[in-house]
Amino acid sequence: WQQLLGPEAGESPALLAGQFNLSLTTIQRVAAEVLSDASATAPQSSFDRLWQACLAGTRPRLDALAQRLEPKVAWDDLVLPGTEQSALQQIADQVAQRSKVYETWGFGEKMSRGMGISVLFAGESGTGKTMAAEVIANHLRLNLYRIDLSAVVSKYIGETEKNLRRLFDAAEDGSAILFFDEADALFGKRSEVKDSHDRYANIEINYLLQRMESFSGLAILATNMKNALDPAFMRRLRFIVNFPFPSAVERKQIWQKAFAPDVPRGELDYDHLARFNLSGGNIHGIALNAAFAAARRQGTERIVTMPLVLAASRSELRKLDKQVNEADLSGVRATRGAA
């Protein structure tokens, strides 16, 4: 990268080499394509175009093994307590500074294991685990892949290990972030060997332990069953971030962020809505249903009002088999106007 980009490249060669594990041929091709297309009127810098070209060039191998998520959220969209927010910032900072710490400062010479980062997001469904993974990927400008267990786990002996090896190898080359949703299904506790099925199941988990340890990228495990994970995985995790159920104050903030800026809405009583014991995922679902209900209306009535939000909340609470207090879901007066 240094030879191809020249002395004016600054830290670009170190950043590109630290994030992408590309061959000499690939580096030469990417650099030639991007630099030959350099234009004074281009909206992106040469470094940004190089970065995007590296990301695009490593996607095909991973697209066959996992689902690529398009991050569309940023730090301001997250509503979490300060401790958890700080932990997420530390994760992003450590990924961004790996090259400097491990190579420039020499920490890599003292480590015999992988230089990657494995973290666990634990919490109830709808508390923001997937959103947090998207925020980190968006901040780092890296591809985020959610692992499709149906494409990885195989009933045939040895096939699961092969699929996992292909997955981790491709992720390392493209510096992609691996997101294992419902991680307890793959990282579950090893069982006592009673037959050949137990033996091969334990072999899969043992292989996964070894490959996670040698992985050089960021792997995020998400689960709402933290106790179901094998203790050996817990020891190898650098960060464990617990996503608590949102408090009333946090629920109010989530409600305030739930509607897109262009959604026409009347005056909504966010303090009243925050009284409902709902997770962030439930709140976003209610906001979406209320928007669809408003879109069905005609003319000036096509606006999200408090009654529509309360009706959507009633449906969501019933879906969750939670107690519905009709006094809270009716009798709240709302006036139309700018939200």
Side-chain angles (χ1 to χ4, degrees), residues 67-80 84-85 88 121 123-139 144-146 148 179 181-182 222 224 243-326 328-339:
Q67 175 192 6
R68 181 160 58 91
L69 302 179
E70 288 286 352
K72 298 180 181 179
V73 287
W75 293 109
D76 290 341
D77 298 303
L78 271 180
V79 179
L80 287 172
E84 285 70 26
Q85 190 95 8
L88 296 178
F121 291 171
E124 295 183 39
S125 178
T127 50
K129 300 185 292 296
T130 302
M131 178 182 283
E134 292 184 23
V135 169
I136 291 174
N138 194 10
H139 175 78
L144 174 65
Y145 281 88
R146 179 162 51 197
D148 183 0
F179 181 60
D181 201 5
E182 307 296 341
N224 53 9
F243 286 70
F245 198 87
S247 65
V249 174
E250 291 161 350
R251 289 198 295 270
K252 180 180 178 180
Q253 296 178 44
I254 295 172
W255 275 111
Q256 291 170 333
K257 298 173 183 286
F259 294 94
D262 294 333
V263 175
R265 57 191 186 275
E267 184 178 343
L268 303 180
D269 188 346
Y270 295 113
D271 289 309
H272 184 87
L273 293 172
R275 294 167 58 182
F276 301 135
N277 195 27
L278 296 166
S279 69
N282 299 135
I283 291 172
H284 283 283
I286 291 171
L288 185 63
N289 289 334
F292 274 109
R296 292 198 305 266
R297 297 187 166 190
Q298 301 296 324
T300 58
E301 295 295 324
R302 187 173 290 177
I303 182 174
V304 174
T305 60
M306 192 67 179
L308 287 180
V309 176
L310 291 174
S313 300
R314 180 186 290 106
S315 298
E316 188 73 14
L317 289 167
R318 286 176 176 171
K319 183 184 75 175
L320 298 172
D321 288 332
K322 290 191 175 183
Q323 184 177 0
V324 176
N325 187 344
E326 289 296 336
D328 288 336
L329 292 169
S330 62
V332 178
R333 299 181 62 185
T335 60
R336 283 190 208 142

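The structure presented is a predicted model; accordingly, all values stated were derived computationally and were not measured.
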Worksheet entry | Q256: partners by side chain to side chain donor-acceptor pair (under 3.5 Å), with sequence neighbours left out | none
Item to complete: Under the salt bridge (Lys or Arg N to Asp or Glu O under 4.0 Å) rule, collect the residues that match up with K252, sequence neighbours excluded.
Response: D271
Worksheet item: How far does CD of Q85 sit from CG of L78, to the nearest 0.5 angstrom?
Response: 5.5 Å
Response to the item:
The ring pair (Phe, Tyr, Trp, His ring centres under 6.0 Å) partners of F259 (sequence neighbours excluded) come to none
Response to the item:
Sorted by chain and number, sequence neighbours left out, ring pair (Phe, Tyr, Trp, His ring centres under 6.0 Å) with F179 holds for none
Item to complete: Identify the heavy atoms of P246 and G280 that sit nearest to each other, and give their distance.
Response: CG-N, 4.2 Å
Item to complete: Apply salt bridge (Lys or Arg N to Asp or Glu O under 4.0 Å) to R314 and list each qualifying residue two or more places apart in sequence or on a separate chain.
Response: E326
Worksheet item: Looking only at heavy atoms, what is the nearest atom pair of I286 and V309, with distance?
Response: CG2-O, 3.8 Å
Discussion item. Nearest 0.5 angstrom please: L317 CG to K322 NZ, how far?
Written reply: 7.0 Å
Discussion item. For A274 versus R251, what's the shortest heavy-atom pair and its separation?
Written reply: O-NE, 2.8 Å
Atom pairs and distances, donor-acceptor, side-chain atoms in residues 124-137, under 3.5 Å, two or more places apart:
residue, atom, partner, partner atom, Å
T127, OG1, E124, O, 2.6
K129, NZ, G123, O, 3.0
K129, NZ, E124, O, 2.9

Worksheet entry | Exam field: side chain W255 to backbone I283, donor-acceptor pair closer than 3.5 Å | no
Item to complete: Please check if the side chain of E250 supplies one atom and the backbone of S247 the other of a donor-acceptor pair under 3.5 Å.
Response: yes
Discussion item. Going by side chain to side chain donor-acceptor pair (under 3.5 Å), name the residues that satisfy it together with S279, two or more places apart in sequence or in a different chain.
Written reply: N282
Worksheet item: Where do R297 and I303 land on the side-chain contact (heavy atoms from CB on, under 4.5 Å) test, with the steps shown first?
Response: CA-CA 8 Å; R297 297 187 166 190; I303 182 174; 5.6 Å; no
Fill in: Atom of A293, atom of L308 and distance for their closest heavy-atom approach
CB-CD2, 4.0 Å
Practice prompt. Hey, could you give me the CG/CG distance between L278 and L273, rounded to the nearest 0.5 Å?
Written response: 9.5 Å
Worksheet item: Who pairs with S315 by side-chain contact (heavy atoms from CB on, under 4.5 Å), at least two apart in sequence or on another chain?
Response: none
Item to complete: Scan residues 274-314 for pairs that pass ring pair (Phe, Tyr, Trp, His ring centres under 6.0 Å), counting only residues two or more places apart or in two chains.
Response: H272-F276
Worksheet, complete the sentence: Residues pairing under side chain to side chain donor-acceptor pair (under 3.5 Å) where one sits in residues 68-77, two or more places apart or in two chains, turn out to be R68-E70, W75-H139
Worksheet item: What's the shortest heavy-atom distance between P71 and N138, and which atoms?
Response: CB-CB, 3.7 Å
Worksheet item: Under the salt bridge (Lys or Arg N to Asp or Glu O under 4.0 Å) test, which residues partner E316, sequence neighbours left out?
Response: K319
